[in-house]
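Data block below; observations after.
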4 protein chains.
Amino acid sequence: MPDLGARTWVVPGGHIPFPSTGPEPEFTGFDQLCVLNATDTEADLELTVYYEDTDPVGPYRLRVGARRVRHVRVNDLIDPEAVRLDRPYGCVLRSGVPVVVQFLRQDTRLPGVLALATGLAYPA
Amino acid sequence: MPDLGARTWVVPGGHIPFPSTGPEPEFTGFDQLCVLNATDTEADLELTVYYEDTDPVGPYRLRVGARRVRHVRVNDLIDPEAVRLDRPYGCVLRSGVPVVVQFLRQDTRLPGVLALATGLAYPA
Amino acid sequence: MPDLGARTWVVPGGHIPFPSTGPEPEFTGFDQLCVLNATDTEADLELTVYYEDTDPVGPYRLRVGARRVRHVRVNDLIDPEAVRLDRPYGCVLRSGVPVVVQFLRQDTRLPGVLALATGLAYPA
Amino acid sequence: MPDLGARTWVVPGGHIPFPSTGPEPEFTGFDQLCVLNATDTEADLELTVYYEDTDPVGPYRLRVGARRVRHVRVNDLIDPEAVRLDRPYGCVLRSGVPVVVQFLRQDTRLPGVLALATGLAYPA
């Protein structure tokens, strides 16, 4: 299969919803990066997180197997430091092999309410 | 009419919501692939589904008539096997003629609540 | 100002929500095409609507002034015939000058519930 | 780091939700432009706002620091004049250096209801 996608992806509009309501983990609020690696090679990804008022943080390292998808909750990224909750951020994802990246937010700040938003990341 | 679109499309962020609430089928939760074939030739599509922890499954075969649109609920795909509910997946759609593909999710896991999210697939 | 955009745009995932709940017109469910014409020339647009089980219908004619935006509810298109409610469709928009097109859905089928979804159309 | 993005971005589908319900500012309805500047140079942005029935307004000037993200609520733009509430608009964003732009809407017009919609702006 020919390689599908790009090696650099950008998401400008990150903001992990906080607090959450409803049962965890299925209704925990999150920002998610959904990565599809259709190649025959494992993808080593480096994520850099940008903020409004401080220097970028990273790299966060992620691995996506060959011919696998991986959906990563940004809330779960803790090394080199936890991504900050309820705060504007953006991120740049770099991969050694071509991948495709989609952004998804689940917002459950209001009790009994669920809001979703999604879109492709920008292939740079 | 000149051909519109691309022959390969990628959706990284699939996840069929489960369970559903409300009347079926209009409020059943779903992931949907919306395909527009503006050409004068019937489009034979092959869908491959990628998971986090197992090999890709496919091809799922779909047909979209010439000068037709088709909205396929991923939940309804059962051959070669049902796409798994409530589990991260992604997919690659290949078409013999150029088409355009949009992704749509309807989430009704919470009673009396409706969440929608949409975006173009990635033309690879 | 240099021309911005493209002359052909595609939306595969149309489906006007029906019925609606809540005060009209602000909470009426709709699919919307949002067109920005940054050029110095009025844009004459032709919209063709594609269905799952019948031939395409059109052209619907729309005009967007020079240096103007226009947000058109697909529900309001009636000539040559009303776009069908609660039925899958897609559309192709052609413009004499470059424009940019965004798709937006507002769904109020459930009482007291509002769902939104948006994304760029595909520039073909 | 190589420059990421484009110098001109277009959002056709603006419409600031009005009125809002719920605690301010976190549940105030808004349209938001999320800008990521991964370059080593501060980005000076000029925003032009387009309406349906009047000439464009602008430029609105924004600054995004080097290696910073900035999420701007369109509701907060007041110079040269406040962007109008509850009214269709679109906008063109120009930057001296490459940036990436995402659009996000939060709608809280219905009490106890939250709707989100997002998507990339169009890189022109």
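A, B, ... follow the sequence lines: proteins, then strands. Residue 1 opens every chain. Fair warning: this is a prediction, and the values are worked out from it, not measured in the lab.
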From the list A:Val35, A:Leu36, A:Asn37, the residue making the most non-hydrogen contacts under 4.5 Å with chain B is A:Leu36
Cut-off 4.5 Å, heavy atoms of chain A, and the answer for B:Tyr51 is backbone
All heavy atoms of A:Val64 vs all of A:Leu45, minimum pair found to be CG2-CD1, 3.6 Å
Interface check, chain A: of B:Gly112, B:Ala121, B:Ala115, most non-hydrogen pairs under 4.5 Å belong to B:Ala115
From the list B:Pro111, B:Gly14, B:Gly119, the residue making the most non-hydrogen contacts under 4.5 Å with chain A is B:Gly14
Check: With distance as the sole test, does A:Arg61 use its side chain to make a donor-acceptor pair with the main-chain N or O of A:Asp44 at under 3.5 Å?
Finding: no
Ranking A:Gly65, A:Ala66, A:Gly5, A:Gly22 by heavy-atom pairs under 4.5 Å to chain B gives rank one to A:Gly5
The residue among A:Val74, A:Val10, A:Thr118, A:Asp31 that forms side-chain contact (heavy atoms from CB on, under 4.5 Å) with A:Phe103 is A:Asp31
Check this for me: does any side-chain nitrogen of one of B:Arg109 and B:Asp86 sit under 4.0 Å from a carboxylate oxygen of the other?
no
Cut-off 4.5 Å, heavy atoms of chain B, and the answer for A:Gln32 is neither
Applying a strict 4.5 Å limit to non-hydrogen atoms, the region of A:Val99 in contact with chain B is neither
Original post:
Within the distance-only criterion (no hydrogens, no angle test), does the side chain of A:Arg7 pair as donor or acceptor with the backbone N or O of A:Gly96 below 3.5 angstrom?
Top reply: yes
Okay, A:Val100 and chain B: the region with an atom under 4.5 Å from a heavy atom over there is both
Bottom line for A:Leu104: the part with an atom under 4.5 Å from chain B's heavy atoms is side chain
Whatever's closer than 4.5 Å to a heavy atom in chain A on B:Thr54 counts as backbone
_Please check this pair: side chain of B:Glu52 against backbone of A:Arg68, looking for a donor-acceptor N/O pair closer than 3.5 Å._
no
Quiz item: Checking B:Arg105 side chain against A:Leu116 main chain: does a donor-acceptor pair fall under 3.5 Å?
Solution: no
Nearest heavy-atom approach of B:Val83 to B:Tyr60 is CG2-OH, 3.8 Å
Under 4.5 Å to a heavy atom of chain B? For A:Pro98 that would be neither
